[in-house]
J.: 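One structure follows; several queries about it will come next.
Bear in mind the structure is a predicted one, so any value in this text is a computation, not a measurement.
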Amino acid sequence: MSRPALAASPMHYAGPWRAIVVGGGHAGCEAALALARGGVPTLLLTQNVDRIGWMSCNPAIGGIGKSHLVAEIDALGGEMARATDASGVHYKVLNSSKGPAVRALRVQCDKLAYATAMRRALEQTPGLSIKQGDVRRLWLADGQLAGVETAAGVQFSAAVVILTAGTFIGAVCHTGEAQIVGGRAGDTATLGLGDQLRALGVQTLRHKTGTCPRLDGRTIDWSRAQPDCGLDPPPPMARHGRGAVLAQMPCFVTHSNAETHAVIRENVHRSPLFGGVIEGVGPRYCPSIEDKVVRFPQHAQHYIFLEREGWQTDEIYVNGLSTSLPADVQIAMVRSLPGLEHAEIVRFGYAVEYDAIDARQLGRDLMLPALPGLYFAGQVNGTSGYEEAAGQGLVAGIQALLRLRGEPALHLSRTESYLGVMVDDLVSLGAAEPYRMFTSRAEHRLVLRTSNADLRLTPLGRALGLVDDAAWQNFLNRRARLDQLAAALHGVTLTPEPGVVRMVESWGGGTILQPTTLGQLLCRPEVTLDQLAPFLPDALDLRQFNADDREEVTTQVRYAGYVVREALRQAKARKLEDMKFPTELDFSEISGLSREALDALQRARPQTLAQAARVPGVTPASVQVLSFWLAGPRRQRASVVLPNET
């Protein structure tokens with residue numbers, strides 16, 4: 001007897017889920033965890049469950065600006081820092097010779113261990129389901145968001161959807177003249193979704209990113225490369241946890257040379273980037289090797305870092321050699337490098353071109369106002385990097401959580417977090433090129449340090465229900481320790497007795513001519529906490545303070561005066577944030593704006609005066625016009641005109 005044919009119409013898969021997260025990358029993982037930990041039944045839908053938390057490019061977390069995001073994710077109850085410590089094999093502090101505000105921890109990871117740790121965290125979270133499915137369409141009912149539909153014709157319903165599609169929408173991989181449809185080598189692209197978004201009026205951009213060839217470590221002459229060892233002991237990435245658990249391994253450094261550059265120049269016409277095949281805009285701060293050779297011909301060499309991808313494999317990531325040149329050129333290029341004369345390529349490098357949305361269409365909550373309940377996070381918003389993606393995923397997850405609770409959206413200000421800086425940059429300015437976080441983007445970076453991320457944000461994470469009891473108690477204990485030590489430093493005063501004077505002079509701290517507190521002495525760069533230990537109260541033992549606690553207290557004491565001034569700047573900035581424009585404002589109604597400023601404002605559609613002040617083309621005089629318009633009576637607003645603006 002023949003079986004009856006199954007219906008061709010989509011099947012509705014009923015479930016308890018109130019939220020759906022599309023994509024299992026770094027943004028999707030943090031979004032799903034935030035929702036589920038907040039008590040929302042959540043479904044994570046991903047193309048391939050074996051690629052959850054996968055490091056598609058470099059096997060590392062952190063770096064300048066990026067480690068600040070990771071610290072804030074950790075402070076709010078996110079998972080990235082803990083997964084990093086579960087897989088970290090090489091820890092290094094960047095900018096160690098500079099001030100504490102710009103120092104950054106970078107951790108090379110065992111990529112398989114990282115993905116395993118992240119998937120385990122997801123699978124062990126109550127209320128979080130994981131399913132494999134290629135989401136091809138949003139499911140709309142009567143013009144309202146109802147859920148998503150997969151390529152297999154299965155519909156999943158939910159009140160909110162967070163789209164974290166990464167580099168997969170309409171994606172094409174390029175290696176020389178060869179093109180393969182896919183968002184990552186070995187994985188297919190997401191087709192149809194980009195067309196639907198554009199049909200709904202969502203404006204998209206074409207972006208490009210790339211990766212390097214991977215080598216067989218057994219074919220490398222390691223004696224010809226320079227070892228680069230990590231810190232011993234390694235400082236933890238997560239504030240409260242076990243720290244590094246894996247054995248550490250060194251990186252190695254080699255460099256390009258005249259032969260390498262000659263190979264590239266002779267074949268640059270075969271690069272899809274320079275041949276006009278790739279239309280997408282690539283990351284300016286992470287150029288391909290061919291881009292570096294063409295743009296910086298005065299450089300005789302470029303450093304190349306050989307990074308092991310983990311203990312379970314001999315595969316080597318060649319950091320600094322991102323390329324989309326043809327396979328034969330990649331072989332010649334690799335074998336021109338010292339130590340790699342006989343290296344075998346396991347995977348060729350490639351560029352991936354994909355659709356991203358113009359994030360200026362989103363609200364500060366990362367939701368699309370035209371389709372309530374739909375959020376976007378990660379590289380689909382025009383960013384690059386694991387950390388930027390994870391940060392957006394956490395923010396979108398929190399915002400969706402608050403929406404489902406019926407609570408107001410969260411406003412993370414630029415004055416209080418790098419997460420706030422990133423979101424504000426994206427929704428105010430967009431990302432004409434892949435956006436990367438740097439400390440230079442944060443105008444209040446003096447008070448936005450990695451060492452105080454928990455002090456700034458953990459109470460918020462606790463209020464949201466994302467920080468568990470153990471982490472909260474650890475936070476309370478640390479805050480109490482810091483307050484106790486700071487109080488002691490300001491509470492003990494030394495008099496200028498001869499013995500004390502000689503001791504301070506022996507430290508190189510100059511002389512003291514009047515009663516001086518320990519805190520005032522610590523403000524002298526030559527004086528350390530350890531030197532002041534004998535003068536602290538007997539009940540206070542410095543050994544109970546780890547290196548991070550000591551650095552934080554020292555920074556608080558030494559930068560106290562600057563912090564007071566910074567607080568005044570922050571107050572002014574918050575005042576600008578509070579000055580909001582009407583939702584449907586036509587900026588042409590405001591007299592006194594230059595044509596350039598008006599065009600820029602109409603494109604950017606800033607929601608606050610602070611956002612308007614950061615729009616390129618909006619001058620200080622234009623900001624003053626806008627300020628008067630917002631502050632004045634409505635009947636007077638249309639007549640405000642300042643000199644030099646018309």
Side-chain angles (χ1 to χ4, degrees), residues 29-30 33-34 36-39 61-62 67-88 91 93 100 103-105 107 114 117-118 120-122 124-126 231 233-246 387 390-391 394 397-398 401 410 412 416-419 447-489 529 536 539-557:
C29 289
E30 296 293 352
L33 286 169
R37 287 169 174 169
I61 298 293
S67 64
H68 291 72
L69 291 173
V70 180
E72 292 180 357
I73 293 168
D74 183 53
L76 285 168
E79 194 66 26
M80 176 169 264
R82 283 179 281 193
T84 300
D85 283 336
S87 58
Y91 289 68
V93 174
R103 292 174 195 154
L105 180 63
V107 183
Y114 182 93
M118 188 61 76
R120 184 182 297 118
L122 293 165
Q124 293 180 346
T125 300
L231 295 173
M237 180 69 84
R239 172 67 60 196
H240 306 296
R242 298 170 58 193
V245 298
L246 298 182
E387 303 83 1
L394 178 61
I398 289 172
L401 173 65
L410 174 68
L412 283 173
E416 62 185 346
S417 67
Y418 273 79
L419 291 170
V447 295
L448 304 181
R449 304 182 300 277
T450 57
S451 61
N452 70 358
D454 60 329
L455 303 177
R456 292 183 280 116
L457 296 174
T458 294
L460 173 60
R462 179 66 172 182
L464 291 167
L466 305 184
V467 175
D468 62 28
D469 291 343
W472 179 243
Q473 189 58 55
N474 286 332
F475 164 74
L476 292 177
N477 292 341
R478 179 177 190 252
R479 187 169 64 180
R481 290 196 309 271
L482 298 180
D483 290 346
Q484 182 186 21
L485 180 54
L489 289 169
L529 266 177
L536 291 170
L540 195 61
D541 186 352
L542 271 186
R543 288 175 295 184
Q544 67 180 297
F545 298 91
N546 60 31
D548 201 48
D549 288 347
R550 296 184 186 202
E551 178 186 340
E552 177 56 23
V553 171
T554 301
T555 300
Q556 288 180 6
V557 170

J.: Answer yes or no: is there a donor N or O on one side and an acceptor on the other, between the side chain of E387 and the main chain of L69, under 3.5 Å?
T.: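 No: the side chain of E387 does not pair with the backbone of L69.
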J.: Go through the steps for L105 and M237 under the test side chain to side chain contact (heavy atoms under 4.5 Å, CB included), then give the verdict.
T.: CA-CA 7 Å; L105 180 63; M237 180 69 84; 4.0 Å; yes
J.: Give the minimum heavy-atom separation between P459 and D454, together with the two atoms involved.
T.: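 The answer is CD-O, 3.6 Å.
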J.: Which heavy-atom pair separates A34 from L394 by the least distance, and what is that distance?
T.: CB-CD1, 3.9 Å
J.: Can you sort out the partners of Q556 under side-chain hydrogen bond (donor to acceptor under 3.5 Å, both in side chains), two or more places apart, ordered by chain and number?
T.: E552
J.: Between atom CG of L489 and atom CG of L536, what is the distance when rounded to the nearest 0.5 Å?
T.: 6.0 Å
J.: Keeping the roles fixed (side chain from E79, backbone from M118), state whether a donor-acceptor pair exists under 3.5 Å.
T.: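 Not a single qualifying donor-acceptor pair exists.
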J.: Just wondering, do V107 and D85 contact through their side chains at under 4.5 Å, heavy atoms?
T.: no
J.: Do V70 and I61 have side chains that approach each other closer than 4.5 Å (heavy atoms only, starting at C-beta)?
T.: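 A side-chain contact under 4.5 Å exists here.
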J.: How far apart are the closest heavy atoms of A36 and T125, and which atoms are they?
T.: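 It is CB-CG2, 3.7 Å.
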J.: Flag the pair E551 and R449 as a salt bridge only when some basic side-chain nitrogen lies within less than 4.0 angstrom of an acidic carboxylate oxygen.
T.: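 Here E551 does not pair with R449 in a salt bridge, since their nearest N and O are not under 4.0 Å apart.
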J.: Roughly how far, to the nearest 0.5 Å, is CZ of R481 from CG of N546?
T.: 6.5 Å
J.: Taking all atoms of both residues into account, what is the closest heavy-atom pair of Y91 and T84, and its distance?
T.: OH-O, 3.9 Å
J.: List the steps and the verdict of side chain to side chain contact (heavy atoms under 4.5 Å, CB included) for Q484 and L540.
T.: CA-CA 8 Å; Q484 182 186 21; L540 195 61; 3.4 Å; yes
J.: Who passes side-chain hydrogen bond (donor to acceptor under 3.5 Å, both in side chains) against N477, sequence neighbours left out?
T.: Q473
J.: Under a 4.0 Å N-O cut-off, is there an ion pair linking D549 with R478?
T.: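 Counted as a salt bridge, because a side-chain N and a carboxylate O are separated by less than 4.0 Å.
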J.: Nearest 0.5 Å, please: how far is CG in L529 from CZ in F545?
T.: 9.0 Å
J.: State, to 0.1 Å, how close P234 and A244 come at their nearest heavy-atom pair, and which atoms those are.
T.: CG-CB, 3.7 Å
J.: Has the side chain of D74 got a donor or acceptor atom that lies under 3.5 Å from a matching backbone atom of A238?
T.: no
J.: Go through the steps to decide whether L542 and L485 satisfy the test side chain to side chain contact (heavy atoms under 4.5 Å, CB included), and finish with yes or no.
T.: CA-CA 9 Å; L542 271 186; L485 180 54; 4.2 Å; yes
J.: Looking only at atom types and distance, does a side-chain atom of N452 sit under 3.5 Å from a main-chain N or O of L455, one as donor and one as acceptor?
T.: no
J.: Output yes when a side-chain donor or acceptor of R82 lies under 3.5 Å from a complementary backbone atom of A117, and no otherwise.
T.: no
J.: Could you state the interatomic distance from CZ (R462) to CG (D469), rounded to the nearest 0.5 Å?
T.: 4.5 Å
J.: Output the distance between atom CG (L410) and atom CG (L76), rounded to the nearest 0.5 Å.
T.: 8.5 Å
J.: Report the distance from atom CG of L419 to atom CD1 of I73, rounding to the nearest 0.5 Å.
T.: 6.0 Å
J.: Looking only at heavy atoms, which two atoms of E72 and R456 are closest? And how far apart?
T.: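 Shortest heavy-atom contact: OE2-NH1, 2.9 Å.
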